[in-house]
Each structure stands twice: as C-alpha cells, then as structure tokens.
Amino acid sequence: MDIAEIQDAERFYRKHLKEVILPFWIPDCIDQDFGGYLNCYTNAGKELLSYHKFTWSQGRFLWLFSELSMCEDSVFSDEEKSKFLGFAENGADFLRKHIFLNEDKECTYMMDRAGNPMPVEPDSVLSSSIYADFFVAAGFAKYAVAAKDHKMFELAEEMYRNIKKRIEQGKYLTLPYPIPKGLRMHGIPMIFLNLSTEMYVSAAGLGLENETYGQDMRLFYTDILTNFVDRDHVLREMITTDNSLVDHYLGEYCNPGHTMEDIWFILKAAGCLGDRTVLPLCSEILKNAYRIGWDKDYGGFRLFVHHEGGIPRGTTAGLEKEPMFRQIEENHDNKLWWPHSEGLYSFLYAYFLSGDEELLTIYKKIFDYTFAVFPNRDSRVGEWIQIRQRDGRPDDKIVALPVKDPYHIIRNLILLIQLLREQQDKAGLKREEEIPCR
C-alpha cells in the first residue's frame, strides 16, 4: 500500500465518519431529559421503536463518545471534541446512578427510559448478562482518561475485580445466549482480553500502575490461541471446560466476525506488551476466517459457518432448545455490519504489522463489499443498514439485541483513521491542519 493509497483511505474514512455515521446519531441519540442514550431504532434507522435502554449499548456509547473526545485536532475541532466529552459525561452520570444492583457492582441488563432496572421477561434475573458489565467497565475506563477523572477509573477497577471474581466462581449469566453445560465460550476470554487491554491503556494514560492488567492480557490471549484455535488454525467458538474440541454442532461452528475482531484484540494486547511472537499465527487465523467465511457466490462474510467452510453442520441431538443453536440455524446466511467493519480493521492492521500482501488483498475485497452493501442509500437517513440477507438485500429482523448499535462502525472507523495516520507519520509526512476530503 503506497503512501497515496494510505492518504486516500484516511480521507475516505474520516469523511464517512463525519458525513454519514455521526449525523445520524447526533443529537438524537442523546436523551436530554433522562440521561443516557437512545438506540432502539429500526434496522434501516427510520423509526425509534422503544425508549428501553440496554446497559450493554449504554456502555458502548460511553466508550465511543469518550474516544471521540480525544481524537486528533485535524480530525475534529476543539469545539466538537468538547461536545463529545459532554455527551460522554451524560452517559457516565446516568450509568453510575442507575445500573448497579448491589455492592458487588453487578449491572442490570436493561432499564426503562428513566433508568429503572427491568427484566427482559417477568421472571428474568436483572443481572442476566455479564457482557453488560464488561462494556460499562470499558466505558468508565475510557471516560476516566478523557475527563481525567481518577475516581471514575477507581470505579472501573472495582468493576474489573468483581467481574474477574464472578468469572472465576462461575457466577454469571450470558444473555442472550447462555453457555451450554460443560462448555466454554470464546466470547468470555475474548471480551475479557478487550477489557484488560482497555484497563491497561487507561491506567497508563492516567499515570497509574498497570502490571496486573498486562498479566491478564497475556493470560487471556494465550488461552485463546492455545485452546480455542484448532490444528488447522481455525478459531472455534465453543470447547469443553477441560479445553477439548467438541464433535457436535455447537463445537463445530465458527463465527468469522468474532475471529477477526479477536485477532486485532490479540495483536493490540501483544503489541502493548512487546510480544511479536503471536503475529504469524494470528495472520494464519485471519486468512482462514476469510477462507471459510467468505461467500464466494455473493461476497461478504456469512455470520456463522462450519469450521471447514459452508453451512454449519454436525450432530444436533439434545441441542435443539439451546438459544445459540436456534440463533445459528436462523441467521447463519445473514450478512451483518459488524463482522465487516471488524474485518476492515483487523486485516489492514495485520497487514501493516506483517507486510503480508495477501492480507492487503483480502482487506480490499472486504472494503469493496462493505461500502457497496451496508451504507444506507437514503442519504436523508444515513448510517448503515446493519442486517442484510445473503444476497445483500435489507433484512428486517433482530439479531442479538433489539437495538441499532453504532459501536462496531464508529470504533473501527476511529481505529482505521488512527492506523492510517500512524503510517503517514512513519513515512515522515508533514501533518496538515486538515487533509481535504474528496
């Protein structure tokens, strides 16, 4: 990738962020009356269906606005960044006041508009997904750096310790997809790796000790690469609790989006620790995610595939009532926004680390497909239509949560802009006040 391509890509991503993505959300997602954020929109983004607030998404919004408030001056003005920090403060205050259910800082999964915890079903446990806790802790840690708020980081640290204790004791739930008995799910060490890296980076940004987080980062990515990656360098989503592969349907499926997202988590964490030994394996895992996940007929990544490629398959006896089984069966051919935004960053990041031209070739295929399919063609709405059928047509359905969530798009656009700027710095290019968009 030559320097002209790098500059053009950076211009494109910055323009897309500022002209397509952010205008959809600002100011309408900010709940000026009750605090927090609104995002229960239709998939196409034309109608707000509910004022319910999912803690999972609230934490993600907090992370996003905190990160946007720290972008370079050449990407956003001081006035824009000040507004972003205000939006983040709105979310931080709302979450701190409403989400905690007990002194162990367990989070409610869902709230009404005013912030009152509410169950998904009448008999549901309020703290029904530890993923909500992960995203809130990451949001608090990022906000702590943006606002230079050490008390907020102390709260994130308290949450981190309690999450770790609950994971070790097995006292947690993972709505909307419970972990079947006797199995481990890749999502837990994956998201814990992301959180530990967020804590590590935020601690450094506040001038605090981060040794514990560094140790945890290495522990989590070693676990993933050792136990969840098979001999063919394919990352499985479920293994047994004694770290063996599973020879049934849930043990044989893969999630290419999770693979691509987790690979950049691993590369980022390893980079913080000065560990380059994981790069060759991570590159092979990425290539295999493309090999088994890319739809050769229509382009794009299928949501779920068999570890050898193609439609998920395997023994299903006794699994029919598992929510994850139903999710795979009903949605495996869908093309979702988030695997593609994760693929853009993961392949380009790995390419710049390794110089492997095959990774760059795949990145360009993902780019062409993503921007031909996902951005909403109605410029009056903007943003992306997040769920597509296999052939690219919009699909009006819910996958996971009934929300429209900008997290994967905005986070990866920010990361792509940062990555491409770093490459320009390495080339010794003089920074302009503003690189013209075109």
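Using a 4.5 Å heavy-atom cutoff, the side chains of Arg421 and Arg14 are in contact. Side chains of Pro256 and Arg302 form no contact here, defined as non-hydrogen atoms less than 4.5 Å apart. Side-chain contact between Arg161 and Lys165 is absent, with no heavy atoms from C-beta onward closer than 4.5 Å. In this structure the side chain of Pro394 never reaches within 4.5 angstrom of the side chain of Gln389, judged on heavy atoms. At a threshold of 4.5 Å between non-hydrogen side-chain atoms, the residues Phe301 and Thr259 do not count as touching. Residues Leu49 and Thr42 are in side-chain contact: their nearest non-hydrogen atoms beyond the backbone lie under 4.5 Å apart. Met199 places none of its side-chain heavy atoms less than 4.5 Å from the side chain of Phe140. Taking 4.5 Å as the limit, every side-chain heavy atom of Phe135 sits out of range of all side-chain heavy atoms of Ser57.
A salt bridge links Arg184 with Asp223: the closest approach of a Lys/Arg side-chain nitrogen to an acidic carboxylate oxygen falls below 4.0 angstrom. Note on Arg411 versus Glu261: salt bridge recorded, some NZ/NE/NH1/NH2 to OD/OE distance being below 4.0 Å. Remark: Lys151 does not engage Asp149 in a salt bridge, criterion side-chain N to carboxylate O under 4.0 Å. Using a 4.0 Å cut-off between charged side-chain N and carboxylate O, Lys426 and Glu422 make no salt bridge.
When the shell of 6.0 Å around NZ of Lys83 is examined, it contains 12 or fewer heavy atoms from other residues, nucleotides or ligands. In this structure, Arg276 places its CZ atom where only 12 or fewer heavy-atom neighbours from other residues, nucleotides or ligands lie under 6.0 Å away.
Of the N and O atoms on the side chains of Glu157 and Tyr213, at least one donor lies less than 3.5 Å from an acceptor on the other residue.
Annotation: Phe347 is not in aromatic contact with Tyr351 [ring centroid separation under 6.0 Å not met].
Across every non-hydrogen atom of Asn43 and Asp395, the tightest pair is ND2-O, 3.2 Å. Closest of all the heavy-atom pairs between Ile163 and Ala137 is CD1-CB, 4.4 Å. Looking at every heavy atom in both residues, Cys40 comes nearest to Ser50 through CB-O, 3.4 Å. The two residues Trp25 and Leu38 have their closest heavy-atom pair at CZ3-O, 4.0 Å. Across all their heavy atoms, Lys53 and Asp112 have their closest contact at CD-O, 4.1 Å. Shown here for Glu80 and Val75, the closest heavy-atom pair between the two residues is OE1-O, 4.5 Å.
Atoms CD and NZ, from Glu72 and Lys81 in turn, are 8.5 Å apart once rounded to the nearest 0.5 Å. Distance check, rounded to the nearest 0.5 Å: CD1 of Ile410 to CG of Leu68 gives 6.0 Å. To the nearest 0.5 Å, atom CZ of residue Phe374 and atom NZ of residue Lys335 are 8.0 Å apart.
Between Cys282 and the choices Val229, Thr277, Ile266, Leu353, the side-chain contact (heavy atoms from CB on, under 4.5 Å) rule is met once, by Ile266. Of the residues Phe304, Tyr253, Trp338, the one that meets the ring pair (Phe, Tyr, Trp, His ring centres under 6.0 Å) test with His258 is Trp338. When Asp216, Asp133, Thr212 are each tested for a side-chain hydrogen bond (donor to acceptor under 3.5 Å, both in side chains) with Tyr160, only one passes: Asp216.
In this structure, Ser196 contributes its side chain and Leu193 its backbone to a donor-acceptor pair below 3.5 Å. A donor-acceptor distance shorter than 3.5 angstrom exists from the side chain of Arg388 to the backbone of Val373, with no hydrogens or angles considered. Side chain of Asn376 to backbone of Asp378: a donor-acceptor contact under 3.5 angstrom is found. Between the Ser82 side chain and the Asp78 main chain, no donor and acceptor come within less than 3.5 Å of each other. Within the 3.5 Å criterion, the main-chain N or O of Ala141 finds a donor-acceptor partner in the side chain of Ser202. Under a 3.5 Å cut-off, the side chain of Asn102 and the backbone N or O of Glu106 do form a donor-acceptor pair. The backbone N or O of Ala4 sits nowhere less than 3.5 Å from a side-chain atom of Gln7 that would complete a donor-acceptor pair. With hydrogens and angles disregarded, a donor-acceptor distance shorter than 3.5 Å links the side chain of Ser341 to the backbone of His408. Judged by distance alone, with hydrogens and angles left aside, the side-chain atoms of Thr361 form a donor-acceptor pair with the main-chain N or O of Glu357 at under 3.5 Å. Checking side-chain atoms of Lys171 against main-chain N and O of Arg166 turns up no donor-acceptor pair under 3.5 Å.
Note on ring orientation: taking the six-membered ring where Trp is involved, the planes of Trp384 and Phe371 are perpendicular (angle over 60°, cut-offs 30° and 60°). Classification of the Trp63-Tyr407 ring pair by plane angle, with boundaries at 30° and 60°, yields perpendicular. Using bins of under 30°, 30° to 60° and over 60° for the plane-to-plane angle, the ring pair Phe94/His98 lands in the tilted bin.
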- List the steps and the verdict of ring-ring contact (aromatic ring centres under 6.0 Å, His included) for Tyr37 and Phe65. CA-CA 11 Å; Tyr37 313 101; Phe65 284 125; 5.7 Å; yes
- From CA spacing to verdict: side-chain contact (heavy atoms from CB on, under 4.5 Å), Leu413, Ile409: CA-CA 6 Å; Leu413 289 175; Ile409 307 172; 3.9 Å; yes
- Could you go step by step and tell me if Phe134 and Tyr172 meet the ring-ring contact (aromatic ring centres under 6.0 Å, His included) rule? CA-CA 12 Å; Phe134 278 120; Tyr172 64 95; 8.5 Å; no
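With sequence neighbours excluded, the residues that form a ring-ring contact (aromatic ring centres under 6.0 Å, His included) with Trp264 are Tyr345.
Cation-pi geometry between Lys18 and Phe76 is satisfied (NZ or CZ under 6.0 Å from the ring centre, within 45° of the ring normal). A cation-pi arrangement is present between Lys404 and Phe24, with the terminal nitrogen or guanidinium carbon under 6.0 Å from the aromatic centre and inside a 45° cone about the axis.
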In a table with atom names and distances, give each donor-acceptor pair under 3.5 Å that connects a side chain of residues 286-294 to protein atoms at least two apart or in another chain.
| residue | atom | partner | partner atom | Å |
| --- | --- | --- | --- | --- |
| Lys287 | NZ | Asp356 | OD2 | 2.6 |
| Lys287 | NZ | Glu358 | OE1 | 3.4 |
| Asn288 | OD1 | Arg291 | NE | 2.9 |
| Asn288 | OD1 | Arg291 | NH2 | 3.1 |
| Asn288 | ND2 | Asp232 | O | 3.0 |
| Asn288 | ND2 | His233 | O | 3.1 |
| Asn288 | ND2 | Glu284 | O | 3.2 |
| Tyr290 | OH | Lys365 | NZ | 3.1 |

